[in-house]
Amino acid sequence: MTKASGPVLATPAPDPRVKTAAAQVLRAPDRRQQRRWVPLVAGLMALVIGLGYIIEGLAPGLYHRRLDRLNDLAPGTLVNLTRVTDVIIGLLLLMLSHGLRRRKRRAWASVVALLALELALHLSLSAAVHRRAVPLHPIPLIFSSLLLIALFAYHRQFYAIGDRRSRWRALWVLGCLLAADLLIGMASLHAIGGLRQPYTLWQRIESVIANVAGLTGPVQFTTESRTDHFGVLTGSLGLFTLVMALYLFLRPAGQASRLRRTDATQVRQLLDRHGEQDSLGYFTLRHDKNILWSPSGKSCIGYRVLSGVMLASGDPIGDSEAWPGAIHSFLDEAASHAWVPAVVGCSELGAEVWCREGQLTALELGDEAIVYPETFSLEGRSMRNVRQMVGRVCRQGYVAEVRRVADIPVEELAQMKRQADSWRGSPTERGFSMALGRVGGRNDGQCVIATATQDGVLRAVLHFVPWGSDGLSLDLMRRDRSASPGLNDFLIAEAVKNAPALGIRRVSLNFAMFRAALERGERIGAGPVLRAWRGILLFLSRWFQIESLYRFNAKFSPEWVPRFVVFPSTKDAPRIGLAALEAEAFLVWPTLEIRRIARKLGLGRLRQRLRAPWDHPADR
């Protein structure tokens with residue numbers, strides 16, 4: 001039995017089963033590790049310069065007092081234009097500084113353009129002021145020039161590409177927001193009232209556009225309060241429009257999560273040869289996962305991209321000697337898009353390889369419960385709870401049946417799927433690392449379904465996926481809420497008891513997150529830190545079923561096998577946790593159900609017919 005002692009760091013150690021990258025084809029050094037100080041310093045300088053420009057634009061200092069002498073040439077125009085430009089460029093530099101830290105190519109190009117614009121504006125004004133013997137403040141110009149020179153000198157360090165679709169989406173959103181700003185501004189002019197004279201339509205439009213940009217237009221109000229209200233409203237609209245457009249332009253590149261048919265076929269071939277290595281290998285065949293291959297094609301990694309995190313699950317699939325090649329391809333892909341690489345649910349061997357090859361950090365996430373049918377028995381004091389549950393269910397007339405999906409008639413399987421879907425408490429299908437997301441797929445004939453019926457009526461369903469040729473991994477458990485609460489215990493016991501007849505020697509049950517902390521925290525002598533950590537986990541169990549899954553698995557006296565999460569650094573942990581919650585569907589962002597509306601209008605089938613010649617899903 002493998003024992004775990006809570007969250008610990010996995011120490012990279014050589015393993016004879018896995019060859020290092022030096023034994024394979026020589027690979028260029030990881031770009032993420034080269035000149036790491038360049039993006040950090042560039043982002044910090046952009047942040048400081050941006051704050052400086054904002055202060056200069058908002059606070060009347062020496063810089064602007066000297067510019068006041070330009071009012072003789074164009075009263076108020078140059079001074080207001082310079083202040084507005086400073087504030088806008090400062091805000092943009094603040095937002096772009098994060099992109100520079102992540103080596104974003106678009107952020108680099110945008111910062112270069114902004115600094116060049118600012119330098120050109122201030123140098124031109126400097127020439128005008130110099131004629132009147134009033135020199136400009138040189139400090140902002142010096143820092144901007146230094147940053148601009150540094151960005152050109154180290155331009156190769158900013159290589160992360162963005163999402164091509166985001167550029168057009170940002171332009172489209174910018175146009176829509178500007179149109180909305182114009183309509184709201186025109187309506188506010190009519191609502192506020194108090195205009196000094198009946199201005200023409202073009203003058204009103206010109207005034208709204210100018211105020212949205214932070215300037216003043218030809219329209220004037222009779223009172224200062226009306227002027228302030230209109231200025232605050234239009235200025236807020238302009239700032240919101242600018243922030244939203246820039247966010248869409250610089251947000252992390254996404255990727256369509258969809259398993260291709262060719263990838264699914266090759267993954268199945270690898271699982272046939274190496275599927276016994278990891279109980280989570282079959283879950284790579286989820287429809288919403290992408291596949292990344294090693295250069296040799298002997299190994300692959302399934303992943304999704306969520307919230308700027310390239311999230312993989314389980315160990316790489318395939319020959320363990322080819323794992324480093326797949327890991328290097330994974331890290332290179334993440335670096336090229338400025339994604340944060342992370343892995344959830346990998347084994348101890350997988351964590352060692354990831355840490356050694358990618359210079360990452362591993363943290364024990366929890367334990368996987370594994371039951372061996374040849375030693376499993378309901379006898380003994382430790383199994384009393386399960387034995388009582390099973391006996392009660394049997395006395396109530398429930399009958400279990402364990403079959404391969406290929407042995408179930410198509411009509412019965414379809415009815416079973418409809419019934420199981422009706423028992424699902426939420427319309428959102430949860431799962432990523434340990435869930436397949438479907439039942440009875442076209443190529444899932446080796447999966448196993450355990451059913452419980454009462455008087456011929458289906459009351460509960462358990463679905464298992466293959467773990468190599470002699471193992472099963474639990475996928476989902478669904479039951480009628482009006483049925484006996486011990487049905488899941490009954491079906492697991494029956495599935496394990498009937499496993500030898502199917503050639504099964506090991507069964508993986510649910511994953512118990514932070515099991516060691518829950519188990520050790522309730523023992524006598526546990527320290528205050530461990531007890532406090534256990535209290536936090538119990539509090540979180542109200543939403544994430546942390547304790548309930550541990551208690552449920554522990555009833556079957558399984559062997560606990562640790563699972564790990566692998567990530568670059570501690571500062572990335574919150575972002576990775578957010579992406580993991582989103583992947584497992586514990587965190588669902590509100591969206592407009594356009595597809596559901598389209599299906600109600602009868603447009604869904606039309607879309608499928610149009611895409612049919614080019615669309616070949618891996619499984620249905």
Q: Tell me, with the steps shown, if Trp354 and Phe564 meet ring pair (Phe, Tyr, Trp, His ring centres under 6.0 Å).
A: CA-CA 11 Å; Trp354 275 100; Phe564 298 82; over 10 Å; no
Q: Any chance you could measure Leu93, atom CG, to Leu147, atom CG, to the nearest 0.5 Å?
A: 8.0 Å
(Q) Checking Ser296 now: which residues fulfil side chain to side chain donor-acceptor pair (under 3.5 Å) with it, not counting sequence neighbours? (A) Ser294
Q.
What I'd like to find out is whether the side chain of Leu100 reaches to under 4.5 Å of the side chain of Pro39, using heavy atoms alone.
A. no
Q) Ala362 and Val566: which non-hydrogen atoms are nearest, and at how many Å? A) CB-CG2, 4.1 Å
Q. Quick one: ring-ring contact (aromatic ring centres under 6.0 Å, His included) partners of Phe240, sequence neighbours excluded?
A. none
**Q.** For Val112, side chain to side chain contact (heavy atoms under 4.5 Å, CB included) partners two or more places apart
**A.** Trp108, Leu148, Leu151, Phe152
Q | Verdict with supporting geometry, Trp293 and Val267, side-chain contact (heavy atoms from CB on, under 4.5 Å) | A | CA-CA 10 Å; Trp293 295 89; Val267 170; 4.1 Å; yes
Q. Hey, what do you get for NE2 (His287) to CZ (Arg438), rounding to the nearest 0.5 Å?
A. 4.0 Å
Q) Taking only residues two or more places apart in sequence or in another chain, which ones pass side chain to side chain contact (heavy atoms under 4.5 Å, CB included) with Ser144? A) Ile49, Tyr53, Leu115, Leu119
Q: Return yes if some donor-acceptor pair links the side-chain N/O of Arg103 with the main-chain N/O of Ala338 below 3.5 Å, else return no.
A: no
Q: Only counting residues at least two apart or in another chain, list the ones meeting side chain to side chain contact (heavy atoms under 4.5 Å, CB included) with Ser569.
A: Lys571, Asp572
Q: Starting at SG of Cys300, measure out to CG of Asn290 and round the result to the nearest 0.5 Å.
A: 12.0 Å
Q: Heavy atoms only: give me the nearest Gly308-Arg575 pair and the separation to one decimal.
A: CA-NH2, 3.4 Å
Q) Any sub-3.5 Å donor-acceptor pair from Glu584's side-chain atoms to Ser433's backbone N or O? A) yes
(Q) Rounded to the nearest 0.5 Å, what separates atom OG1 in Thr234 from atom NE2 in His229? (A) 12.5 Å
Q | Asp278 (side chain) donor-acceptor with Asp315 (main chain) under 3.5 angstrom | A | yes
Q: Applying side-chain contact (heavy atoms from CB on, under 4.5 Å), run through Leu540 and Met513 and close with a yes or a no.
A: CA-CA 11 Å; Leu540 295 177; Met513 184 176 294; over 6 Å; no
Q. Looking at side-chain heavy atoms only, is the closest gap between Val208 and Phe230 below 4.5 Å?
A. yes
Q | 4.5 Å side-chain heavy-atom contact, Ile576 and Pro568 | A | yes
Q | Point-to-point distance, once rounded to the nearest 0.5 Å, from CG of Leu182 to CG of Leu177 | A | 12.5 Å
Q: Identify the two heavy atoms, one from His337 and one from Arg102, that lie closest to each other, and give their separation to 0.1 Å.
A: O-NH2, 4.5 Å
Q) Does the Ser188 side chain pair with the main chain of Gly185, one donor and one acceptor, at a distance under 3.5 Å? A) yes
Q: Take Trp323 and Leu349 through the test side-chain contact (heavy atoms from CB on, under 4.5 Å) and record every step on the way to the result.
A: CA-CA 11 Å; Trp323 285 8; Leu349 173 62; 4.0 Å; yes
Q.
Does Leu47 form a side-chain contact (heavy atoms from CB on, under 4.5 Å) with Leu94? I'd like the steps, not just the answer.
A. CA-CA 5 Å; Leu47 180 66; Leu94 290 183; 3.2 Å; yes
Q | Minimum side-chain heavy-atom gap Arg268-Tyr282 below 4.5 Å | A | yes
Q: For Leu117, enumerate each residue passing the side chain to side chain contact (heavy atoms under 4.5 Å, CB included) test, keeping only those at least two apart in sequence or located in another chain.
A: Ile89
(Q) Does anything in residues 92-101 form a side chain to side chain donor-acceptor pair (under 3.5 Å)? List the pairs, not counting sequence neighbours. (A) His98-Arg101
Q: With sequence neighbours excluded, tell me which residues meet side chain to side chain donor-acceptor pair (under 3.5 Å) with Ser299.
A: none
Q: Could you check if a side-chain atom of Leu259 sits within less than 4.5 angstrom of a side-chain atom of Arg286, using non-hydrogen atoms only?
A: no
Q.
Taking side chain to side chain donor-acceptor pair (under 3.5 Å) as the definition, give me every residue that meets it alongside Glu368, ordered by chain and number, with sequence neighbours left out.
A. Ser279, Ser508, Arg563
Q. Is a side-chain N or O of Arg105 found less than 3.5 angstrom from the main chain of Phe158, in a donor-acceptor match?
A. yes
Q: Write down the atom of Leu311, the atom of Ala583, and the distance for their closest heavy-atom approach.
A: CD2-CB, 3.9 Å
Q: Work out which heavy atom in Phe567 is nearest to a heavy atom in Leu360; give both atom names and the distance.
A: O-CB, 3.6 Å
**Q.** Minimum side-chain heavy-atom gap Val48-Phe143 below 4.5 Å
**A.** no
Q: Can you see which heavy atom on Leu537 is nearest to which on Ala517, and at what distance?
A: CD1-CB, 3.9 Å
Q) Should Arg260 and Ile291 count as side-chain neighbours, where that means a heavy-atom distance under 4.5 Å? A) no
Q: Can you measure from CZ (Arg356) to CD1 (Ile327) and round to the nearest 0.5 angstrom?
A: 8.5 Å
Q) Just checking, is any N or O donor in the side chain of Ser320 or Gln277 under 3.5 Å from an acceptor N or O on the other one? A) no
Q: Decide yes or no for Ile317 and His274: does some side-chain heavy atom of the first lie under 4.5 Å from some side-chain heavy atom of the second?
A: no
**Q.** side chain to side chain donor-acceptor pair (under 3.5 Å) partners of Thr241, counting only residues at least two apart
**A.** Asp181
